J.: 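The structure under discussion is supplied below as structure tokens; questions concerning it will follow.
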2 protein chains.
Amino acid sequence: MRPIFHPDKADITLGAVLYALGDPVCLAIVQRLAIEDELSCAAIEIPVAKSTLSHHFKILREAGVLHCRKQGTQHMNSLRRADLDDRFPGVLDTILNAADRATRADQSVL
Amino acid sequence: MRPIFHPDKADITLGAVLYALGDPVCLAIVQRLAIEDELSCAAIEIPVAKSTLSHHFKILREAGVLHCRKQGTQHMNSLRRADLDDRFPGVLDTILNAADRATRADQSVL
DNA sequence: TTTCATTGTTCGATTTTTTTGAACTTTCGC
DNA sequence: GCGAAAGTTCAAAAAAATCGAACAATGAAA
């Protein structure tokens, strides 16, 4: 069981973050995490295979978008809000804002 | 020669915009357009095949990120800043801002 | 008006990426 | 220990990106 990798704040690249947010599954995960604070992988109801979801969480984690800690058999995920805001001010917030409005307007990103 | 399709402002979706911006080639195009105002496809020096570039411009255009008008044999492209800002306030600006800072820090998105 | 060069699109093939189910690991509760 | 729950890994299948070649459209040159 090797430790879970997280990039240093300074190593977070805009390209990786945008690539992640550009994926509808990842964006949906981020949207949920924006509300729920901390979630296990299983807690996110998205119609994709377990292995696919696992892959997307890895993308987000390695991009520096979320932090993951093990708790028993679960992986608890949370947004790295402070790090992202420090590195790319406003980016996450404006996107979440827009996503939220789009969702309310019944135009889900999925 | 069929007319060039552009989505109405109201039909621009965040998903499509983020998908486009999440692609390094598209992001590079948008970055250039943020500075240059209007550019032909050929004016953008990016190391991809002509047909690939054409494809990326189409992605951006159909996502509502840029507008394209024909001028002779050329296709002149420009950002749909007002429409994007109206629909998703701050999103384009903060991303361009972050991209610009990343570029200056020699961490090109390409 | 007949070339000819320029600009960009379209098409089919190739390569790359994404998605998936099955098998596996880890951890906890019984 | 045994079995269930939560994720990961792996190899195969499906989907998407990339490319070169052929094509269309326009303007310029002859």
Side-chain angles (χ1 to χ4, degrees), chain A residues 1-7 13 15-30 32-33 36-63 65-78 109-110, chain B residues 1-7 13 15-30 32-33 36-63 65-78 109-110:
Chain A
M1 190 66 248
R2 61 176 164 299
I4 303 172
F5 169 76
H6 291 91
T13 69
V17 171
L18 288 181
Y19 177 81
L21 296 181
D23 179 273
V25 173
C26 287
L27 182 56
I29 292 172
V30 170
R32 280 293 308 274
L33 284 176
E36 307 266 353
D37 213 68
E38 195 176 42
L39 280 175
S40 73
C41 303
I44 284 159
E45 313 89 1
I46 293 179
V48 293
K50 200 169 52 160
S51 53
T52 305
L53 206 56
S54 179
H55 169 71
H56 285 297
F57 271 104
K58 188 179 178 186
I59 296 282
L60 285 166
R61 178 171 49 78
E62 295 187 343
V65 175
L66 57 79
H67 181 268
C68 179
R69 74 184 171 87
K70 292 195 60 174
Q71 186 178 49
T73 68
Q74 302 194 116
H75 287 57
M76 303 306 289
N77 302 281
S78 55
V109 293
L110 269 181
Chain B
M1 191 66 247
R2 62 176 165 294
I4 303 171
F5 170 76
H6 292 91
T13 69
V17 171
L18 289 181
Y19 178 79
L21 296 181
D23 179 273
V25 173
C26 287
L27 183 55
I29 292 172
V30 170
R32 280 290 310 274
L33 284 176
E36 307 266 353
D37 213 68
E38 196 176 41
L39 280 176
S40 73
C41 303
I44 284 158
E45 312 88 4
I46 294 178
V48 293
K50 202 168 50 156
S51 53
T52 305
L53 206 55
S54 180
H55 170 71
H56 285 297
F57 270 104
K58 188 179 178 186
I59 296 282
L60 285 166
R61 180 171 50 77
E62 295 186 342
V65 175
L66 58 79
H67 181 268
C68 178
R69 72 182 172 89
K70 292 197 57 174
Q71 186 178 48
T73 69
Q74 302 194 114
H75 287 59
M76 302 307 289
N77 303 281
S78 54
V109 292
L110 268 183

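Keep in mind that what you see is a predicted model, and the values were worked out from it rather than measured. Below, chain A is the first sequence line, B the second, and so on; all start at residue 1.
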J.: Mapping His56(A) and Ser54(B) onto DNA chain C by nearest heavy atom, which one lands closer to the 5' end?
T.: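 Per heavy-atom nearest nucleotide, the more 5' residue is Ser54(B).
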J.: How close or far is atom C1' of dA17(D) from atom CG of Leu60(B), stated in whole angstroms?
T.: 15 Å
J.: Answer with yes or no whether Ser51(B) presents, from its side chain, a donor or acceptor under 3.5 Å of a partner atom in the base of dG20(D).
T.: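 It does, because a donor-acceptor pair links the side chain of Ser51(B) to the base of dG20(D) below 3.5 Å.
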J.: Please confirm whether the shortest side-chain N or O distance from His55(A) to OP1 or OP2 of dT9(D) is below 4.0 Å.
T.: no
J.: Report the distance from atom NE2 of His75(B) to atom C1' of dG8(C), rounded to the nearest whole Å.
T.: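 In whole Å, dG8(C) C1' and His75(B) NE2 are 6 Å from each other.
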J.: Taking atom C1' of dA6(D) as reference, at what distance in whole Å does atom NZ of Lys70(A) sit?
T.: 9 Å
J.: From CD1 of Ile59(A) over to P of dT17(C), roughly how many Å is that when rounded to an integer?
T.: 11 Å
J.: From the list dT20(C), dC19(D), dA25(D), which nucleotide is the closest neighbour of the side chain of Ala49(A)?
T.: dT20(C)
J.: For Met76(A) and dT26(C), what is the distance between atoms CE and P respectively, to the nearest whole Å?
T.: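 Distance, rounded to whole Å: 21 Å.
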J.: Would one find a side-chain N or O of Thr52(A) under 4.0 angstrom from OP1 or OP2 of dT20(C)?
T.: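 For Thr52(A), the contact criterion (side-chain N or O under 4.0 Å from OP1 or OP2 of dT20(C)) is met.
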J.: Roughly how many Å is it from NZ in Lys50(A) to P in dA4(D), rounded to a whole number?
T.: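 Value for this atom pair: 14 Å.
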J.: Working to the nearest 0.5 angstrom, can you tell me the gap between Leu27(A) CG and Tyr19(B) OH?
T.: 14.0 Å
J.: To the nearest 0.5 Å, tell me how far Gln74(B) CD sits from Arg69(B) CZ.
T.: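 Between atom CD of Gln74(B) and atom CZ of Arg69(B) there are 9.5 Å.
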J.: Hey, could you give me the NE2/CG distance between His55(A) and Asp23(A), rounded to the nearest 0.5 Å?
T.: 7.5 Å
J.: Mapping Phe57(B) and Asp23(A) onto DNA chain C by nearest heavy atom, which one lands closer to the 5' end?
T.: Phe57(B)
J.: The side chain of Gln74(B) lies closest to which of these nucleotides: dT6(C), dA5(D), dG8(C)?
T.: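 It is dG8(C).
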J.: Just the rounded figure in Å: distance from C1' of dT8(D) to CZ of Arg61(A).
T.: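 After rounding, the gap between these two atoms is 10 Å.
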J.: Any chance you could measure Ile4(A), atom CD1, to Phe57(A), atom CZ, to the nearest 0.5 Å?
T.: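 Rounded to the nearest 0.5 Å, the CD1-CZ separation comes out at 12.0 Å.
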J.: From CG of Leu39(A) over to P of dA6(D), roughly how many Å is that when rounded to an integer?
T.: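 My rounded result for the distance is 14 Å.
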J.: Verify side-chain contact (heavy atoms from CB on, under 4.5 Å) between Leu66(B) and Val30(B), making sure each step is shown before the conclusion.
T.: CA-CA 8 Å; Leu66(B) 58 79; Val30(B) 170; 5.8 Å; no
